[in-house]
Amino acid sequence: MSMIVRPFEPRDLPRLTELTIDTFGPFYEDSFRPLVGEAIFARQHGHWREDYDPLLATLHDPDRHRHVAVADLDGVPAGYVGWEIDPARQHGSIRILAVDAPHRRAHLGTELCEHAFRHMRTHGARYVEIGTGGDEFHARARALYESLGCIKLPLAVYFREL
């Protein structure tokens, strides 16, 4: 297979939406829902599938310093990364990273992050921020970010039904 990292094209949106739902579905349904219970789940992420449509539609907006790059394997998007840059703060932020299950552990996530980092540096960013969950589902993401030299900041987020 031949892989290239290329800029997002509007025709990618349906595939990236499908890929995002496939990637994060296990988190929402198998991790977050059982952890917080039905009431909090319904309020916080009860429509998580539908929430990706408006989010993904706004990820690539170069005039606002928002970018998406796609890992293209023989013409099929197999992953993507979305990032933004705040030029005034010289700050870059990875907003989302998703890799299709059959292609995980093949360094696509690394390639996509490195691509975003290069773009950020070229456009004035001096540091990058990447966030992920502390649960088991996100363990591979944490390992990837740490392998890229990112420093983990301990953070606790709590939910409680009232």
Side-chain angles (χ1 to χ4, degrees), residues 8 10 12-62 64-71 76-86 88-89 91-117 119-120 125 127-162:
F8 167 84
D12 295 324
L13 193 54
R15 172 66 183 128
L16 297 190
T17 301
E18 174 186 301
L19 190 133
T20 305
I21 289 170
D22 290 347
T23 298
F24 295 105
F27 165 70
Y28 290 113
E29 298 300 334
D30 303 335
S31 184
F32 190 74
R33 181 189 295 254
L35 184 65
V36 300
E38 289 302 316
I40 292 172
F41 177 80
R43 294 273 186 239
Q44 189 70 19
H45 294 297
H47 301 285
W48 66 268
R49 287 175 187 86
E50 296 84 6
D51 292 344
Y52 279 120
D53 287 330
L55 169 69
L56 295 178
T58 65
L59 281 179
H60 191 74
D61 187 350
R64 292 188 170 177
H65 309 286
R66 297 179 188 155
H67 306 273
V68 173
V70 175
V76 178
Y80 73 99
V81 61
W83 71 93
E84 62 186 336
I85 302 168
D86 179 346
R89 293 178 50 220
H91 172 262
S93 179
I94 299 285
R95 295 188 62 205
I96 193 164
L97 173 67
V99 175
D100 200 13
H103 304 291
R104 292 181 194 146
R105 312 296 295 176
H107 306 289
L108 265 66
T110 300
E111 291 291 325
L112 287 164
C113 286
E114 291 290 357
H115 176 89
F117 295 166
H119 183 272
M120 289 179 207
Y127 68 102
V128 64
E129 177 182 342
I130 304 173
T132 194
D135 60 321
E136 185 58 32
F137 174 84
H138 290 96
R140 288 183 295 200
R142 290 190 307 274
L144 168 62
Y145 302 151
E146 290 172 21
S147 77
L148 292 168
C150 299
I151 301 163
K152 183 170 83 171
L153 175 66
L155 176 70
V157 176
Y158 295 90
F159 287 95
R160 178 182 160 210
E161 191 172 339
L162 299 176

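The structure presented is a predicted model; accordingly, all values stated were derived computationally and were not measured.
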Closest approach of Y145 to C113 (non-hydrogen atoms, all atoms of both residues): CE2-SG, 4.3 Å
Gap between atom CG of L55 and atom CD of E50 - 0.5 Å precision: 13.5 Å
For the student: nearest non-hydrogen atoms of A125 and G92, plus distance: CB-N, 3.9 Å
Side-chain heavy atoms of V128 within contact of S93, under 4.5 Å: no
Pairwise side-chain contact, Y80 with L56, heavy-atom cut-off 4.5 Å (strictly under): yes
Ionic contact status for D86 with R64, cut-off 4.0 Å: no
Step-by-step side-chain contact (heavy atoms from CB on, under 4.5 Å) determination, L59 to R95: CA-CA 8 Å; L59 281 179; R95 295 188 62 205; 3.6 Å; yes
Pairwise side-chain contact, F24 with I96, heavy-atom cut-off 4.5 Å (strictly under): yes
Contact check, side chains of F41 and L35, non-hydrogen atoms, under 4.5 Å: no
Heavy-atom pair with the smallest gap, counting every atom of F137 and T23: CZ-O, 3.2 Å
Whether H67 and H60 hold their rings parallel, tilted or perpendicular, with breakpoints at 30° and 60°: perpendicular
Atom of R104, atom of V99 and distance for their closest heavy-atom approach: NE-O, 2.8 Å
side-chain hydrogen bond (donor to acceptor under 3.5 Å, both in side chains) contacts in which one or both residues fall within residues 132-142, not counting sequence neighbours: S31-D135, D135-H138
Nearest non-hydrogen partners of A69 and L112, listed with the distance: O-CD2, 3.8 Å
Cationic N near anionic O, under 4.0 Å, R49 to E29: yes
Note, R15 side chain near V76 side chain (heavy atom, < 4.5 Å): yes
Point-to-point distance, once rounded to the nearest 0.5 Å, from OG1 of T58 to CG of D53: 11.0 Å
Closest heavy-atom pair and its distance - C150, I130: SG-CD1, 3.9 Å
Heavy-atom check, side chain of T110 versus side chain of H115, under 4.5 Å: no
Value rounded to 0.5 Å, distance of NE2 in H45 from CD1 in I40: 11.0 Å
Gap between atom CD of E161 and atom CD of E38 - 0.5 Å precision: 10.0 Å
4.5 Å side-chain heavy-atom contact, I94 and M120: yes
Residue of the set H65, E129, H119 for which side chain to side chain donor-acceptor pair (under 3.5 Å) holds with W83: H119
Heavy-atom side-chain proximity of W48 to F32 below 4.5 angstrom: no
